[in-house]
Amino acid sequence: DGSMVVQVLITSMGSNQLQVAQTRKLLDLLAHTHVDFEQVDGSSDAETRNKLWGKSGTRSYPQIFLDGEYWGDLDMMQAAIDNEEFKKTFATYIRASGIER
């Protein structure tokens, strides 16, 4: 189903060092957990960025969206991994090649 997608809102024009570090860490976490995701660069796609910011209610980077709905940020991702929520929430987004079935 084409709608099953994880989007990560980032900015490639990061001047805020904390944002840059959080974005790198979040992308690393997603890569290590084999989540299939697409990056949305808010600095080059203002229309999509504003639409996503409207859904999350916060104008920050990075943010995670599942099937177009706001899910959370790096802190929420780390908490989900720590408390086992991650596998339940992200199971449908994990690449088949990356997980033992």
Side-chain angles (χ1 to χ4, degrees):
D1 181 19
S3 67
M4 300 293 282
V5 66
V6 176
Q7 289 176 302
V8 181
L9 179 62
I10 63 156
T11 177
S12 61
M13 305 293 284
S15 55
N16 176 326
Q17 287 306 302
L18 182 62
Q19 267 181 7
V20 171
Q22 288 182 336
T23 297
R24 189 176 303 126
K25 186 162 189 178
L26 179 59
L27 296 177
D28 283 349
L29 276 173
L30 289 168
H32 285 303
T33 52
H34 304 288
V35 170
D36 215 358
F37 68 95
E38 63 183 40
Q39 294 181 43
V40 177
D41 186 352
S43 57
S44 65
D45 186 349
E47 187 181 340
T48 302
R49 175 197 66 210
N50 292 337
K51 197 168 76 178
L52 293 174
W53 276 352
K55 290 182 178 193
S56 71
T58 180
R59 299 165 70 88
S60 64
Y61 299 103
Q63 295 184 19
I64 305 165
F65 295 82
L66 303 183
D67 303 329
E69 296 303 315
Y70 177 66
W71 182 79
D73 57 11
L74 174 62
D75 290 340
M76 281 187 68
M77 175 63 106
Q78 288 182 305
I81 289 172
D82 290 345
N83 70 20
E84 303 288 312
E85 277 300 305
F86 173 81
K87 283 181 182 151
K88 283 186 269 185
T89 304
F90 285 85
T92 54
Y93 307 100
I94 293 173
R95 290 190 301 278
S97 61
I99 194 166
E100 309 250 333
R101 297 221 178 254

Could you give all pairs that pass the salt bridge (charged side-chain N to carboxylate O under 4.0 Å, His left out) test and reach residues 10-34, with sequence neighbours left out?
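As it turns out, there is no salt bridge (charged side-chain N to carboxylate O under 4.0 Å, His left out) pair with a partner in residues 10-34 once direct neighbours are skipped.
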Is a side-chain donor or acceptor of Thr33 paired with a backbone partner of Leu30 at a separation under 3.5 angstrom?
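Side chain of Thr33 to backbone of Leu30: a pair is present.
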Using only atom types and a distance under 3.5 Å, with no angle test, would you say the side chain of Asp67 pairs donor to acceptor with the backbone of Val5?
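Between the backbone of Val5 and the side chain of Asp67 there is a qualifying donor-acceptor contact (under 3.5 Å).
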Counterpart residues, side chain to side chain contact (heavy atoms under 4.5 Å, CB included), relative to Thr92 (two or more places apart)
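Residues passing side chain to side chain contact (heavy atoms under 4.5 Å, CB included) with Thr92: Met4.
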Can you list everything that forms a side chain to side chain contact (heavy atoms under 4.5 Å, CB included) with Ser44? Sequence neighbours excluded, please.
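So Ser44 forms a side chain to side chain contact (heavy atoms under 4.5 Å, CB included) with Asp41.
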Residue list, side-chain hydrogen bond (donor to acceptor under 3.5 Å, both in side chains) with [X], at least two apart or on another chain:
| X | result |
| --- | --- |
| Gln22 | none |
| Thr48 | Asp45 |
| Ser56 | Gln63 |
| Glu38 | Gln7 |

Show the atom names and distances, to 0.1 Å, of all donor-acceptor pairs under 3.5 Å that link a side chain in residues 73-82 to residues at least two apart or in another chain.
unit_1, atom_1, unit_2, atom_2, d
Asp73, OD1, Asp75, N, 3.2
Asp73, OD1, Met76, N, 3.0

ring-ring contact (aromatic ring centres under 6.0 Å, His included): which pairs involve residues 43-63, sequence neighbours left out?
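Applying ring-ring contact (aromatic ring centres under 6.0 Å, His included) to every pair that reaches into residues 43-63, excluding sequence neighbours, yields Trp53-Tyr61.
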Tyr70: which residues meet the ring pair (Phe, Tyr, Trp, His ring centres under 6.0 Å) condition with it, sequence neighbours left out?
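Tyr70 satisfies ring pair (Phe, Tyr, Trp, His ring centres under 6.0 Å) with Phe65 only.
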